[in-house]
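Here the structure is laid out as structure tokens; the discussion comes afterwards.
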Number of protein chains: 2
Amino acid sequence: MLPGEKDCSKAMLSIKDALEALEGRWKLLILYALCSGPMRFSEIARAVPGITDKTLTKELKALQAGKLIRRTVYDTSPPAVEYTITAHGKSLRNLLHELWRWGLAHRKEVIGK
Amino acid sequence: MLPGEKDCSKAMLSIKDALEALEGRWKLLILYALCSGPMRFSEIARAVPGITDKTLTKELKALQAGKLIRRTVYDTSPPAVEYTITAHGKSLRNLLHELWRWGLAHRKEVIGK
DNA sequence: ATGGTTACTTTCCAAAAGGGAAGTGCTATC
DNA sequence: GATAGCACTTCCCTTTTGGAAAGTAACCAT
């Protein structure tokens with residue numbers, strides 16, 4: 001920590017916090033899927049291309065811990081479990097939108113014509 | 001791939017592209033540091049808290065491959081190497097800003113008051 | 001001669017990510 | 001009676017990530 005870094009590293013630390021909460025290639029995709037409404041486990045698994053059951057379970061737990069989604073169990077049989085995005089999770093919509101636009105541009109710029 | 005998923009999964013794939021290009025906890029922090037102007041290797045190492053030389057080297061290579069930064073070598077001794085953010089990299093500024101704001105809110109919401 | 005700076009690379013190693021496949025307990029359906 | 005769906009969990013195994021520390025070649029300051 002050198003002098004003169006204070007303001008810069010404050011923003012740096014906030015960004016670091018955000019990246020820690022959203023780390024990995026799955027969390028934002030899951031949140032994006034949940035933007036269109038509550039979903040059950042198997043629905044999310046189908047909506048997020050390539051994710052395995054095991055990974056989905058883990059990511060859902062992490063998202064709950066970060067208060068980005070809520071888990072509701074309905075006492076039916078077989079039990080139904082619904083995942084809903086929280087207000088805090090919804091506040092990522094702008095970011096998701098930016099990511100979507102940037103991903104499009106990036107594909108044009110780098111991946112191919 | 002089920003019917004009815006087309007539009008949704010298109011956005012999903014764009015977001016996936018973006019996440020792939022920006023994966024890991026370091027790339028966005030490095031880009032944030034470079035937003036304030038070109039920097040040399042050791043300057044970036046100092047600006048990004050916690051990163052090691054090895055990791056920095058690797059991430060810089062990935063960022064170059066993704067056309068997000070440019071590497072310029074000055075033939076002095078000892079050699080000076082400068083990293084500059086490209087226009088494509090600069091197009092992430094909104095995203096970085098969103099991340100910064102969201103990180104602040106997240107800390108208040110989850111990590112503690 | 002010694003030590004420092006620059007921009008890395010290399011080696012070793014531990015931890016985490018994550019895929020595949022199978023299992024679980026219950027129920028609804030054919 | 002067999003199969004399928006639900007929401008997971010468990011096991012096994014490979015790959016990836018990434019830290020710590022040392023090395024390197026060239027040069028400069030003391």
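Labels below follow one simple rule: chain letters A, B, ... track the order of the sequence lines, proteins then strands, and each chain is numbered from 1.
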- Look at the side chain of A:T86 and the backbone N and O of A:L68, then say whether any donor-acceptor pair between them is shorter than 3.5 Å. yes
- Donor-acceptor contact present, side-chain B:E43 to main-chain B:R40, <3.5 Å: yes
- Query: Taking OP1 and OP2 of D:dC8, is either one under 4.0 Å from a side-chain nitrogen or oxygen of A:R71?
  - Reply: yes
- Message: Please confirm whether the shortest side-chain N or O distance from A:K58 to OP1 or OP2 of C:dA17 is below 4.0 Å.
- Response: yes
- Whole-Å distance separating the NZ atom of B:K27 from the C1' atom of D:dT17: 11 Å
- Item | Any B:R25 side-chain nitrogen or oxygen under 4.0 Å from OP1 or OP2 of D:dT17 | no
- Side-chain N,O (B:R40) to OP1/OP2 (C:dT6) below 4.0 Å: no
- Query: Below 4.5 Å, heavy atoms only, C-beta onward: do A:F41 and A:V81 meet side chain to side chain?
  - Reply: no
- Using the closest heavy atom to pick a nucleotide of DNA chain C for each, name whichever of A:W26 or A:P79 lands nearer the 5' end. A:W26
- Rounding to a whole Å, what distance do you find between A:Y74:OH and D:dC6:C1'? 16 Å
- Is there a side-chain polar atom (N or O) of B:T52 under 4.0 Å from OP1 or OP2 of D:dG18? no
- Task: Rounded to the nearest angstrom, tell me the gap between atom CG in A:D53 and atom P in D:dT10.
- Result: 14 Å
- Query: With A:S91, which residues qualify under side chain to side chain donor-acceptor pair (under 3.5 Å), at least two apart?
  - Reply: B:W102
- Message: Tell me the interatomic distance from B:F41, atom CZ, to C:dT5, atom C1', rounded to whole angstroms.
- Response: 13 Å
- Message: Less than 4.0 angstrom between a side-chain N/O of B:Y83 and OP1 or OP2 of C:dC8, yes or no?
- Response: yes
- Query: Choosing from D:dC8, D:dA20, C:dG18, which nucleotide comes nearest the side chain of A:K54?
  - Reply: C:dG18
- Task: Taking only the side-chain nitrogens and oxygens of A:T55, find out if one of them lies under 4.0 Å from OP1 or OP2 of C:dG19.
- Result: yes
- Atom CD of B:E23 and atom C1' of D:dT17: how far apart are they, to the nearest Å? 10 Å
- Message: Using a 4.0 Å heavy-atom cut-off, does A:A45 contact any base of the nucleic acid, only the sugar-phosphate backbone, or nothing at all?
- Response: nothing
- Query: In whole angstrom, what separates A:E59's CD from D:dC8's P?
  - Reply: 14 Å
- Query: Base, sugar-phosphate, or nothing for A:S42, non-hydrogen atoms under 4.0 angstrom?
  - Reply: sugar-phosphate
- Message: Is the phosphate of D:dT9 approached by A:K61 (side-chain N or O, under 4.0 Å from OP1 or OP2)?
- Response: yes
- Interatomic distance, B:E20 CD vs C:dA17 P [rounded to whole Å]: 18 Å
- Whole-Å distance separating the CZ atom of A:R46 from the P atom of D:dC8: 14 Å
- Message: Test your reading of the model: is there a side-chain donor-acceptor pair from B:T55 to the backbone of B:I51, 3.5 Å cut-off?
- Response: no
